[in-house]
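A quick write-up on the structure given underneath.
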Amino acid sequence: MAIDVRVTANMQKHLGGERSIRANGDNVRDLLADIDERFPGFHDMVMTDGEIHRFVNVYLNDEDIRFLNQLDTALKDGDVVSILPALAGGL
Amino acid sequence: MLPLGDDVRGQMIAHAREQFPKECCGLLAGVGGKPVKVIRATNSEDSEFRYRVDDRELLRFLQDCDDNGWDFLAVYHSHTRSEAYPSPTDVRLAGNWPDPYYVLVSLVDQDDPVVRAFRITDGEISEVPTGDEASA
């Protein structure tokens with residue numbers, strides 16, 4: 001199952017310099033694990049204690065997976081997953 | 001160099017004033033290093049002390065950049081009680097977004113807002129000149 005995974009410029013550096021990569025997984029959890037196998041360290045950029053990091057958003061075809069089935073969100077051929085860190089700051 | 005010009009500067013100051021005493025935030029799209037569009041964003045923290053560009057608006061902005069051939073040039077936010085300089089939290093969270101400029105609008109002196117721009121790379125802050133020439 002081929003999923004198109006799009007990441008930010010900063011994340012590209014950890015994914016072989018590509019703006020988007022193809023990865024496999026029946027759900028988001030498996031997809032992230034597949035990417036981490038090829039690019040060790042990726043998992044820790046996105047996950048904390050088994051959950052998506054508070055300051056990272058994962059979108060499936062523009063829908064935040066937190067409002068779908070989170071890491072168990074099912075994927076199908078041709079889906080587009082975007083991984084986007086939050087843009088934030090403060091005192 | 002991030003040439004802001006009076007128009008862009010004025011739009012950001014107006015946004016900051018409207019949101020006062022809460023922090024405002026927004027995005028600058030650019031072409032060739034010059035801003036072409038100021039996009040006001042919702043501060044999803046809705047706070048006097050923190051900002052977070054609404055996640056969905058950020059996603060949409062990046063898609064708009066792709067569609068229009070824009071670069072994600074800068075993110076701006078206001079400091080209502082402190083100077084126009086990145087806070088430790090600004091620096092810590094900038095690690096995920098090292099490429100855009102960070103523009104700070106300070107309303108400490110509401111009659112004379114201060115706008116400054118920075119690079120935040122690997123935790124290091126460096127100010128960049130913004131020029132006076134109109135560019136938007």
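Please read these numbers as outputs of a predicted model, since none were measured by experiment. Atom set for the values below is all heavy atoms of this structure, side chains included, hydrogens, waters and symmetry mates excluded. Residue numbers begin at 1 in each chain, while the letters A, B, ... track the order of the sequences.
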Legend entry - Top of Met45(A), Arg6(A), Arg54(A), Met11(A) for chain B proximity - count of heavy-atom pairs under 4.5 angstrom: Arg54(A)

Legend entry - Which of Pro85(A), Gly89(A), Ala86(A) touches chain B most, by non-hydrogen pairs under 4.5 Å: Gly89(A)

Legend entry - Under 4.5 Å from a heavy atom of chain A, the part of Val53(B) involved: both

Legend entry - Heavy-atom contact with chain A under 4.5 Å, split by part of Ser44(B): neither

Honestly curious: do [X] and [Y] fall in one hydrophobic cluster under the side-chain, below-4.5 Å linking rule?
| X | Y | value |
| --- | --- | --- |
| Phe118(B) | Tyr101(B) | no |
| Leu93(B) | Ile52(A) | no |
| Leu15(A) | Ile3(A) | yes |
| Leu68(A) | Ile83(A) | yes |
| Val128(B) | Trp97(B) | no |

Inset, instruction - Take Arg19(A) and Asp66(B) through the test side-chain contact (heavy atoms from CB on, under 4.5 Å) and record every step on the way to the result. - result: CA-CA 12 Å; Arg19(A) 173 90 189 279; Asp66(B) 279 348; 2.9 Å; yes

Inset, instruction - Test Gln63(B) against Asp62(A) for side-chain contact (heavy atoms from CB on, under 4.5 Å), laying out the working first. - result: CA-CA 10 Å; Gln63(B) 291 169 341; Asp62(A) 296 354; 2.9 Å; yes

What is the minimum heavy-atom distance between [X] and [Y], and which atoms define it?
| X | Y | value |
| --- | --- | --- |
| Arg56(B) | Asp64(A) | NH1-N, 3.9 Å |
| Asn10(A) | Pro98(B) | OD1-CG, 3.4 Å |
| Ala9(A) | Asp99(B) | CB-OD2, 3.3 Å |
| Gly90(A) | Asp90(B) | N-OD1, 2.8 Å |

Inset, instruction - Determine, for Arg66(A) against Asp55(B), whether the closest basic-nitrogen to carboxylate-oxygen distance falls under 4.0 angstrom. - result: no

Legend entry - Within 6.0 Å of CG in Asp109(B), more than 12 heavy atoms from elsewhere: yes

Inset, instruction - Decide if atom CZ of Arg38(A) counts as having more than 12 heavy atoms of other residues, nucleotides or ligands within a radius under 6.0 Å. - result: yes

Legend entry - Rounded distance (nearest 0.5 Å) linking atom CG of Asn96(B) with atom CZ of Phe55(A): 9.0 Å

Legend entry - Heavy-atom pairs under 4.5 Å with chain A, option from Ala94(B), Gly95(B), Ser87(B) with the top count: Ser87(B)

Inset, instruction - Just do the side-chain contact (heavy atoms from CB on, under 4.5 Å) check on Phe72(B) and Leu87(A) with the steps written out, would you? - result: CA-CA 12 Å; Phe72(B) 176 11; Leu87(A) 187 52; 3.6 Å; yes

Inset, instruction - Could you go through the side-chain contact (heavy atoms from CB on, under 4.5 Å) check for Leu84(A) and Leu62(B) one step at a time? - result: CA-CA 10 Å; Leu84(A) 210 57; Leu62(B) 294 172; 3.4 Å; yes

